[in-house]
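Okay, structure first, notes after.
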Amino acid sequence: MSSLQLNNLSKTYAAFAAVKGVSLQVAAGEFISLLGPSGCGKTTILRMIAGFEKPTTGSIYLDGREITRVPANRRGMGMVFQSYSLFPHMTAAQNVAFGLRLKGWPAGKQQQRVEEMLDLVGLAEMGDRFPHQLSGGQQQRVALARALAISPQVLLLDEPLSALDAKVRLQLRNEIRRIQQQLGITTLFVTHDQEEALSISDRVVVMSQGQIDQQGTPEEIYLAPRTAFTASFIGAMNQVPGIWEQHKVRIATHPNTSLPDEYLHTLPADLPEGTAVVVLVRPESILLFPPDHAPLAGHNALSGLITSRIFLGSVVRLSVLVGEFYLNVDVPTTEAEQFSSGDLVQLSFPAEQCRVLAVDSPAASNVPLPVALPPTGVSED
Amino acid sequence: MNTQRFWSWFWLILGTIYFVVPLIATIDFSLRARKGTLSLDAYANIFDDPKFFESFTFSAVTAVAAIALSWLLIVPTAYWVHLKLPRFRPVMELLTLLPFVIPAVVLVFGLIRTYSMTLLNTRTGGWVLLTAAYIVLSFPYMYRAIDTGMRAINIRTLTEAAQSLGADWQTVIFRVIFPNLRVALLNGAFITFAIVMGEFTIAALLAQPAFGPYMNLLSSSKVYEPSALAVISFALTWGAIGIVQLLGQGTGQKQVGGPR
């Protein structure tokens, strides 16, 4: 098990800065996911760690030893790629043995290790098959076995599941986690799939525009996003614009009418009076009641009109028009029958489920104002 | 039979006649060396001529040398262009057109003027010059065959996968890239072989005992033997194609990337 440290790592291509001063500490045996949209720099970081790209500035340390300028073939990193990377002219077993042959392992030991690795990924019987005789999922398993065979100090996974279908992806991601825990290998996993990252990581590093936006355990990232970007990127999030006044948020539900503004109670925030803010609340945190229902204690209550329903399997996502903006509300499918488009409802959500961010702060720079569009998707109506 | 079907058959039969009739005529003529009967006399005369084997062996060895050197020169070049200098590809494609644009006579006199002091004074020197000229001549075919082969495999990912497993550049090229370009390399080799075996101008101007000048000499002094020689060349060509097909079977140069 090895620890990894990135110090102020940057990568610039001509005028484009792909990675901007990223520092990250990965503990030995830790499973970290770099999560972000396309072009956020996560793969570039992985490629710099692997030695395929030279950092413009910054340094990389492996177990306290600087490896920034060490060639890729001497870094001892195992890597699984997004595209299928098995050598087409070799069988699965020969692929797994490739790194061992280069290390000069005796044939007997090589064979034993190959069998062990193929068994680990559940392909013990497929060693004599060529890559074109294997499915996509099987190829990625062999690629994993090949990367693990050389006992790498760090395992690098560059979106290894993205080319697979949903069922295989789910199965393989659980296997990756099982194998990682079994071997205790330090692992960096690059993905743009938040569900993937949240489900298998010890720590998630959310990236945006070449920088780390937020890092923390999956629970911290999901439940306590510290930036508007993380909040909107991880799961669905309603963002309600308003003004911070007297420790609560004034929201203009009817800005074009003479109706009075309403107030939302939120988690405490240390903000100056009159700050432009957004209130973040997840769709599953909002409860729906009939319009004449008595407001619950400690809850915010707003009135709204259901405008559309989207069936998402275990939940139905309702789009509710509140004044002149929309809020998404997730209702368990078993309870969703009672709500239809055109129904007037009361939206109720506790103050402790509402986080508030200042719009002017860098953390909230991506917040769209105002929130006024209904969700896209296939409506049941 | 509908109109479309009729025209399909029409063009197929016309094409077959166009290609096959001259071949049949050549074979027929090569068998008429003995008056009034079909015989293999013309073939026997060729095989009895020691110059046939000398010139054939000379050209075959030159072809093999040109092929090996082309592989060593062009594979790393094409590989590097694919991997590190993709923007340089149009320039490479332009360079591959030069041997078509520059006439063989110009090429050979350029080579003679440049290297005559050092190379042409010896027999080996002349052969080296001839081999170098054939590498230039076959460059467009060899480069394009290799380039097409490289487009069919994911060069970057294969290279990086090998490097992450501890492979240096030499290992990557000879143990990962070369084996996956087998069909492309054989295609390029076959075309080069065919060019070298039939080439006349450069070999004659460099005064080398190659197969091309031998065929030319034979056709100016014999009647039936040149036809027999043409048939032998044709058989050798098809034999080479057969070998390429045979060696190319069962290679893993199939799907490398993309979902399955």
Side-chain angles (χ1 to χ4, degrees), chain A residues 46-47 49-53 71-91 94-105 129-140 142-143 146-150 152 154-156 158 162-165 168-169, chain B residues 71 75-76 79-80 82-88 145-146 148-187 244 246-260:
Chain A
L46 204 74
R47 291 176 60 78
I49 296 170
F52 302 139
E53 301 280 356
N73 61 325
R74 288 193 217 139
R75 291 202 180 189
M77 307 269 179
M79 185 147 176
V80 180
F81 298 82
Q82 180 178 2
S83 54
Y84 304 132
S85 62
L86 295 184
F87 307 130
H89 63 296
M90 295 181 191
T91 62
Q94 286 167 340
N95 264 281
V96 178
F98 184 83
L100 304 175
R101 272 200 352 240
L102 294 181
K103 281 177 177 273
W105 281 36
R129 294 211 186 168
F130 282 94
H132 68 266
Q133 295 169 319
L134 299 170
S135 69
Q138 287 168 337
Q139 285 193 52
Q140 289 302 66
V142 175
R146 183 178 66 178
L148 291 170
I150 57 169
V154 176
L155 179 64
L156 305 173
D158 184 11
S162 59
L164 308 177
D165 63 60
V168 179
R169 198 160 60 213
Chain B
W71 283 352
V75 171
Y79 171 70
W80 206 249
H82 267 264
L83 196 67
K84 301 279 183 188
L85 302 165
R87 281 182 299 176
F88 201 62
I146 290 168
T148 306
M150 285 192 178
R151 283 177 204 223
I153 56 175
N154 193 340
I155 288 286
R156 178 177 292 277
T157 306
L158 292 185
T159 300
E160 290 175 352
Q163 283 181 320
S164 71
L165 295 165
D168 55 19
W169 286 112
Q170 197 180 327
T171 308
V172 172
I173 289 178
F174 287 102
R175 284 165 75 169
V176 176
I177 303 302
F178 261 100
N180 284 300
L181 291 177
R182 199 162 87 177
V183 175
L185 292 174
L186 287 171
N187 284 337
V244 170
L246 205 67
L247 294 175
Q249 276 174 4
T251 59
Q253 198 170 320
K254 294 186 178 173
Q255 180 177 350
V256 180
R260 290 175 62 86

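Throughout, a chain's letter reflects where its sequence line sits, starting with A, and its residues are numbered from 1.
Among B/E160, B/R156, B/R175, the residue with the largest count of heavy-atom pairs under 4.5 Å with chain A is B/E160.
Both the backbone and the side chain of A/A72 come within less than 4.5 Å of a heavy atom in chain B. Looking at A/R146, both its backbone and its side chain come within 4.5 Å of chain B, counting heavy atoms on both sides.
Minimum interatomic distance between A/L102 and B/T171 (heavy atoms only, all atoms of both residues): CD2-CG2, 3.5 Å. In plain terms, the two heavy atoms of B/S164 and A/I150 that are nearest each other are O-CD1, 3.7 Å. In terms of heavy-atom proximity, A/N73 sits nearest to B/A167 at CB-O, 3.2 Å. Considering all non-hydrogen atoms of both residues, B/T157 and A/S83 come closest at OG1-OG, 3.2 Å.
For A/F98, the ring-ring contact (aromatic ring centres under 6.0 Å, His included) partners are A/F87, not counting sequence neighbours. Considering only residues two or more places apart in sequence or on other chains, A/R129 meets the side-chain hydrogen bond (donor to acceptor under 3.5 Å, both in side chains) condition with none of them.
How far CD of B/Q163 is from CE of A/M79: 11.0 Å, rounded to the nearest 0.5 Å.
Within 6.0 Å of CZ in B/R151 there are more than 12 heavy atoms belonging to other residues, nucleotides or ligands.
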